[in-house]
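Since the structure comes first, as structure tokens, the remarks are kept for the end.
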Amino acid sequence: MPGSLEPLDLGVHIPYHFRCPISLELMRDPVTVCTGQTYDRASIEAWVSTGNSTCPVTRATLTDFTLIPNHTLRRLIQEWCVANRAFGVERIPTPKQPADPALVRSLLNQASSGSAPAHLRLSSIRRLRQLARDSDKNRSLIASHNVRQILLPIVFNNGSDELKNESLALLVMFPLGESECASLASDSVKIGYLSRMLTHNSFDVRVNSAALIEIVVAGTHSPELRAEVSSVDEIYDGVVDLLRSPISHPRALKIGIKALFALCLVKNTRQKAVDAGTPAVLVDRLADFEKCDAERALATVELLCRIPAGCEAFAGHALTVPMLVKIILKISDRATEYAAGALLSLCSESERCQREAVAAGVLTQLLLLVQSDCTERAKRKAQMLLKLLRDSWPQDSIGNNSDDFGMWKACGFIYWVERKHSLPFGEVHVSVSSIDGSVFDFLGTSS
């Protein structure tokens, strides 16, 4: 509810002073500017960020851009929300205040001081990590104080393991520059350290190590340096092991697939991913990934299907082909493209995969795909796969109206023709026996 005017439709009157003068919406984090006027923090920050230097209400010049939290007004708004709960009004949460720049500087100085006691340095890192988790604004503030240059020496130089692990956890919250990624990628000692950390007793340390490896590989533009990192065998074992984590650890799955995808972009080292058991793990976990992660997983499947060992490994898993067929048109255009590409590679190498794809109903999926709004690359892959499977349809299903496969084939073709010629659904009537190989020639020349 907060942040919208929906309660007004329910007959609830929002007090005038509870509304932000800029957005006219219920304030979630009221702050007062130097002119004495109160605004919602997000609204006044957006106002100032666009170059405005005056108070929106008084038009007076803002001589000081400090925003002072109006705790009294915020508590009154919260009480009003609770009092109107019966009308569907939800209580706004107490906002976390932005980090004080002076505090951030002090914490970073203490963390980087070699003469400071170890427990104080550790406490400073933990406090910075908490601030960074609170908001994007805090992370931007911390990043502006060269936090990466402070943390990198702590992570890789001599020091207590606890301090190094906490510093690593904070470091992965900030993107590294290209020069920093190249410097790490070219240092075999540091890459070896990160690969060893993938087998650490602490689950969080393993995840954070994989996260930094992904940042380094993805941020390094040099193919040679990326190949050096990707050639370390232990990295694949550790990353694939993260993908075996329970679904209750979504961050491990997210970091694991991001790292694996970045590593598999290096063509010459994909065999290492196959040797580490990647194909079986990816197929088993495909249903557990969120949308973006599922796209990366399918992209990784397609990449690994481009090498003989990967293609053989995926073909040997009973669920690979049915899963890929099921995914077409289900997750996103990119996911569909990657699934079709993987199926094309598998069916090009294995007649058994062709039969499995046919049995899983791939014809209907592909016919729908070629007349959908998916990417042109996805359609080209679908057309190539249709031509490849041309001789794989059971002949007896073509002339048998009662056969499920024959019905799927006919319905898919009718739907495609109707969409192509802008006809109402059900306008085209055709017997199953009339659907023969010509459909594939027609599809191949109609794109």
Side-chain angles (χ1 to χ4, degrees), residues 283 286-287 289 291-292 294-295 297-299 301-302 305 314 319-348 350 353-395 397-447:
V283 175
L286 267 178
F289 291 116
K291 179 181 175 180
C292 290
E295 290 176 351
L298 289 165
V301 171
E302 185 179 13
C305 280
F314 280 110
L319 296 179
T320 299
V321 172
M323 182 74 75
L324 292 175
V325 172
K326 182 179 179 181
I327 284 172
I328 292 177
L329 297 175
K330 290 296 192 301
I331 298 177
S332 68
D333 288 352
R334 285 187 177 183
T336 295
E337 178 184 328
Y338 300 142
L343 281 171
L344 180 60
S345 296
L346 290 170
C347 292
S348 297
S350 170
C353 287
Q354 294 181 19
R355 293 191 296 269
E356 290 179 358
V358 170
V362 73
L363 174 61
T364 302
Q365 297 288 77
L366 295 178
L367 289 174
L368 293 177
L369 171 56
V370 295
Q371 51 76 48
S372 70
D373 295 327
C374 278
T375 64
E376 289 303 315
R377 288 194 299 180
K379 292 179 182 180
R380 286 197 299 270
K381 292 176 182 178
Q383 291 168 351
M384 293 172 64
L385 188 53
L386 281 168
K387 291 180 180 180
L388 177 66
L389 299 176
R390 178 174 179 169
D391 299 326
S392 298
W393 316 123
Q395 293 300 313
S397 69
I398 295 178
N400 185 358
N401 290 359
S402 63
D403 185 86
D404 287 343
F405 176 82
M407 293 302 293
W408 291 344
K409 189 172 183 179
C411 290
F413 177 65
I414 291 171
Y415 182 58
W416 181 82
V417 172
E418 288 168 338
R419 286 294 300 273
K420 178 174 177 59
H421 297 284
S422 301
L423 298 174
F425 184 77
E427 186 70 22
V428 176
H429 301 280
V430 60
S431 66
V432 178
S433 60
S434 68
I435 308 298
D436 56 21
S438 61
V439 62
F440 300 101
D441 296 331
F442 188 31
L443 285 171
T445 59
S446 64
S447 61

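Nothing here was measured: the structure is a model prediction, and the numbers come from that model.
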Between [atom1] on residue [X] and [atom2] on residue [Y], distance to nearest 0.5 Å:
X      : Y      : atom1 : atom2 : answer
Leu385 : Ile328 : CG    : CD1   : 7.5 Å
Lys387 : Leu366 : NZ    : CG    : 13.0 Å
Cys347 : Glu356 : SG    : CD    : 8.5 Å
Leu298 : Ile327 : CG    : CD1   : 4.5 Å
Arg380 : Glu376 : CZ    : CD    : 6.5 Å
Leu369 : Thr364 : CG    : OG1   : 12.0 Å

Report task. Output, in order, the C-alpha distance, side-chain angles, deciding distance and verdict of side-chain contact (heavy atoms from CB on, under 4.5 Å) for Asp333 and Asp373. Result -> CA-CA 8 Å; Asp333 288 352; Asp373 295 327; 5.7 Å; no

Requested in this report: Step by step, work out the side-chain contact (heavy atoms from CB on, under 4.5 Å) result for Leu386 and Val362.
Outcome: CA-CA 9 Å; Leu386 281 168; Val362 73; over 6 Å; no

Requested in this report: Output all residues satisfying side-chain contact (heavy atoms from CB on, under 4.5 Å) with Ser345, sequence neighbours left out; order by chain, then residue number.
Outcome: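 For Ser345, the residues satisfying side-chain contact (heavy atoms from CB on, under 4.5 Å) (neighbours in sequence not counted) are Cys305.
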
Distance-only donor-acceptor pairs under 3.5 Å for side chains of residues 334-344, two or more places apart:
unit_1 : atom_1 : unit_2 : atom_2 : d
Thr336 : OG1    : Leu329 : N      : 2.8
Thr336 : OG1    : Ser332 : O      : 3.0
Glu337 : OE1    : Thr375 : OG1    : 2.9
Glu337 : OE2    : Arg377 : NE     : 3.1
Glu337 : OE2    : Arg377 : NH2    : 3.1

Report task. Sort out for me which residue in Leu324, Val358, Val321 forms a side-chain contact (heavy atoms from CB on, under 4.5 Å) with Cys353. Result -> Val321

